[in-house]
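Here the structure is laid out as structure tokens; the discussion comes afterwards.
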There are 4 protein chains.
Amino acid sequence: MVESYSNTQPIYLQLVQRICRQIVRREVQPGEKLPSVRDLAVQFGVNPNTIQRVNMELERMGVVESRRGQGMFVTEDSTRLTLMREHLKEELITKFASEMKELGYSEDEIIAGIQAFLLP
Amino acid sequence: MVESYSNTQPIYLQLVQRICRQIVRREVQPGEKLPSVRDLAVQFGVNPNTIQRVNMELERMGVVESRRGQGMFVTEDSTRLTLMREHLKEELITKFASEMKELGYSEDEIIAGIQAFLLP
Amino acid sequence: MVESYSNTQPIYLQLVQRICRQIVRREVQPGEKLPSVRDLAVQFGVNPNTIQRVNMELERMGVVESRRGQGMFVTEDSTRLTLMREHLKEELITKFASEMKELGYSEDEIIAGIQAFLLP
Amino acid sequence: MVESYSNTQPIYLQLVQRICRQIVRREVQPGEKLPSVRDLAVQFGVNPNTIQRVNMELERMGVVESRRGQGMFVTEDSTRLTLMREHLKEELITKFASEMKELGYSEDEIIAGIQAFLLP
DNA sequence: GTGGTCTAGACCACC
DNA sequence: GTGGTCTAGACCACA
């Protein structure tokens with residue numbers, strides 16, 4: 001797989017975000033094993049160390065746990081995952097809404113804009 | 001003034017964003033003179049080099065113009081400023097909405113969240 | 001049996017510690033037979049290799065002995081076990097006390113903390 | 001400086017612990033600048049990457065903050081540091097006391113042992 | 001085979 | 001000068 005990365009954000013954070021989302025969206029199931037570090041490195045076209053760092057970060061976030069000599073597994077605690085989903089949602093909304101408010105956009109303006117974007 | 005800066009984004013970009021917003025919100029009026037590089041550096045507690053870079057960026061964006069020997073001035077072209085406001089709005093909304101969509105949140109969920117946040 | 005293991009310490013050492021404690025506390029009596037490698041592997045949910053390693057370690061420490069074709073047995077030398085208990089105690093205390101001292105905690109502070117914890 | 005490292009624990013964790021203790025004990029003052037990554041690497045005889053990782057960890061713990069292009073600084077929030085000291089104390093005591101209790105040592109036995117060790 | 005640590009050395013953006 | 005990221009490649013312990 002050929003991948004391209006934004007310049008402004010470190011690759012490892014982009015990958016963290018990406019995998020985290022797959023997990024939050026349940027594209028990978030709780031308890032499921034992730035590909036090995038080396039495989040992911042090939043898949044994403046980066047150095048194994050970079051993947052290692054991604055895994056560290058994901059583990060610290062609690063979405064993944066490493067089992068020595070076996071691999072990395074999506075945490076089985078699915079309530080935790082739904083909680084994270086809620087948390088993520090709230091965080092994104094709060095950040096967005098406060099920013100828009102600070103810039104002086106009205107509620108109607110904002111909501112209209114979003115609806116316009118989300119229309120099929 | 002004591003300031004704290006996020007670690008992930010360069011200080012100069014944070015300042016660009018900050019000043020840009022003041023202009024968009026018309027806290028600084030079109031045609032108004034910005035403080036000198038030296039003053040801004042003191043005010044924000046950063047190196048004058050950093051302010052130089054901020055000014056360069058702001059000029060490149062077209063929100064300020066430098067008048068030789070006089071200083072930096074907010075552009076007087078106020079239609080340009082309203083355009084920028086629109087552009088900024090659309091950019092932020094698009095980024096936000098596409099991200100939320102990608103994460104699998106429903107339109108209702110998103111709008112309800114925003115309204116909840118914007119309530120008094 | 002479902003078990004969880006700390007990430008920083010090897011599973012086999014955690015098991016060594018665990019079994020060793022059972023012996024020191026006389027939950028398993030001197031001369032008693034330990035379950036077979038296979039059974040322990042099932043019981044702890046680990047690979048039989050890991051149990052082998054645990055047994056090797058326990059034998060090296062002198063708390064169990066293997067009798068060919070019969071299995072692993074807790075050593076019958078009970079003075080050895082009491083000695084081990086003393087040794088373990090001293091080791092743990094020394095490690096703890098020197099660490100606390102190094103961190104600059106006073107004797108009173110330490111003892112008060114322990115008593116507070118050990119209260120009913 | 002020549003340093004030796006325990007085999008069982010990663011070097012970077014040993015350094016984290018070591019520096020963290022210096023900070024908690026106020027051997028380095030709040031707000032003080034740590035030596036540069038490269039200098040520390042030389043001082044401890046390890047690779048700069050290892051120091052980098054140490055700093056990451058220290059920053060995540062909140063005892064240190066990195067200022068871009070300037071260096072790593074001990075956090076100025078000294079109440080946070082005292083809080084950490086208390087937290088660390090409690091953690092160490094709890095871990096120790098529960099372990100001793102689990103092993104069946106009496107309170108008197110434990111306290112006597114500690115006092116014996118701490119005697120001049 | 002797996003993840004984890006470490007080194008060597010490069011390059012970058014920031015100040 | 002500073003910290004931060006990334007690569008390449010080695011070695012280790014664990015299962």
Side-chain angles (χ1 to χ4, degrees), chain A residues 5-16 33-41 44-59 64-73, chain B residues 5-15 41 44-54, chain C residues 5-15 41 44-54, chain D residues 5-16 33-41 44-59 64-73:
Chain A
Y5 299 99
S6 123
N7 324 332
T8 67
Q9 214 186 4
I11 292 177
Y12 83 93
L13 282 183
Q14 296 178 48
L15 290 176
V16 164
K33 183 181 179 303
L34 296 183
S36 78
V37 169
R38 291 150 177 91
D39 286 354
L40 283 173
F44 289 125
V46 297
N47 188 285
N49 282 328
T50 304
I51 298 294
Q52 183 70 19
R53 192 162 179 182
V54 170
N55 282 346
M56 251 183 57
E57 214 63 42
L58 288 171
E59 191 168 14
V64 136
E65 56 188 76
S66 76
R67 295 186 206 144
R68 211 192 306 258
Q70 302 184 245
M72 306 288 301
F73 296 81
Chain B
Y5 300 99
S6 117
N7 301 325
T8 63
Q9 214 185 2
I11 289 180
Y12 85 94
L13 280 183
Q14 295 179 48
L15 291 176
F44 289 126
V46 297
N47 192 296
N49 290 333
T50 306
I51 298 294
Q52 280 293 9
R53 200 157 172 180
V54 170
Chain C
Y5 300 100
S6 116
N7 302 325
T8 63
Q9 215 186 0
I11 290 179
Y12 85 95
L13 280 183
Q14 294 178 49
L15 290 177
F44 291 125
V46 297
N47 193 295
N49 290 333
T50 305
I51 299 294
Q52 280 293 10
R53 200 158 173 179
V54 170
Chain D
Y5 300 99
S6 125
N7 324 331
T8 66
Q9 213 185 4
I11 292 177
Y12 83 94
L13 281 183
Q14 296 178 48
L15 290 176
V16 164
K33 183 180 178 303
L34 296 183
S36 80
V37 169
R38 290 149 177 93
D39 285 356
L40 283 173
F44 289 125
V46 297
N47 187 285
N49 282 328
T50 304
I51 298 294
Q52 183 70 17
R53 191 162 179 181
V54 170
N55 282 345
M56 249 183 58
E57 216 61 44
L58 289 171
E59 191 168 14
V64 136
E65 56 188 77
S66 76
R67 296 186 206 142
R68 209 193 306 259
Q70 302 183 242
M72 306 288 301
F73 295 80

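Chain naming here is simple, since letters A, B, ... match the order of the sequence lines and numbering starts at 1 in each. None of the values given here were measured: they were computed from a predicted structure.
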Subject >> Partner residues of A/Gln52 under the side chain to side chain donor-acceptor pair (under 3.5 Å) criterion, sequence neighbours left out >> reply: none

Check nucleotides 13-15 of chain E for protein N or O atoms closer than 3.5 Å to its own N or O atoms and list the pairs.
unit_1 : atom_1 : unit_2  : atom_2 : d
E/dC14 : OP2    : B/Arg53 : NH2    : 2.6

In this structure, how many angstroms lie between the [atom2] atom of [N] and the [atom1] atom of [X], rounded?
X	N	atom1	atom2	value
A/Asn55	E/dT5	CG	P	12 Å
A/Glu65	E/dT2	CD	P	18 Å
A/Leu34	E/dG4	CG	C1'	16 Å
D/Asp39	F/dT2	CG	C1'	11 Å
A/Leu40	E/dG4	CG	P	12 Å
A/Ile51	E/dG4	CD1	C1'	15 Å
D/Glu59	F/dT5	CD	C1'	14 Å
A/Glu57	F/dT5	CD	C1'	13 Å

Who pairs with [X] by side chain to side chain contact (heavy atoms under 4.5 Å, CB included), at least two apart in sequence or on another chain?
X	value
A/Asn47	A/Asn49, A/Thr50
D/Arg53	A/Met56, D/Tyr12
D/Glu65	D/Arg67, D/Thr75

Subject >> Member of D/Val16, D/Val37, D/Leu15 meeting the side-chain contact (heavy atoms from CB on, under 4.5 Å) criterion with D/Asn55 >> reply: D/Val37

**OP:** Work out which heavy atom in D/Met72 is nearest to a heavy atom in D/Ser66; give both atom names and the distance.
**Re:** SD-CB, 3.2 Å

Subject >> Nearest heavy atoms of D/Gln70 and D/Lys33, plus distance in Å >> reply: O-CE, 3.1 Å

Original post:
According to a strict under-4.0 Å criterion, is D/Ser36 in side-chain N/O contact with OP1 or OP2 of F/dG1?
Top reply: no

Original post:
Taking both distances under 3.5 Å as the test for a Watson-Crick or G-U pair, what stems of at least three pairs does DNA chain F have?
Top reply: E:1-14 with F:1-14

Subject >> 5'-most by nearest nucleotide on DNA chain F - A/Val46 or D/Pro35 >> reply: D/Pro35

Original post:
Taking only residues two or more places apart in sequence, or in another chain, which ones meet D/Arg38 in a salt bridge (charged side-chain N to carboxylate O under 4.0 Å, His left out)?
Top reply: none

Original post:
Do any N or O atoms from the side chain of A/Glu57 and from the backbone of A/Leu13 form a donor-acceptor pair under 3.5 angstrom?
Top reply: no

Original post:
Any idea which of F/dT5, E/dG3, F/dT7 is nearest the D/Gln52 side chain?
Top reply: F/dT5

Original post:
Looking across every strand, which nucleic acid part, if any, lies under 4.0 Å from A/Met56 by heavy atom: base, sugar-phosphate, or nothing?
Top reply: nothing

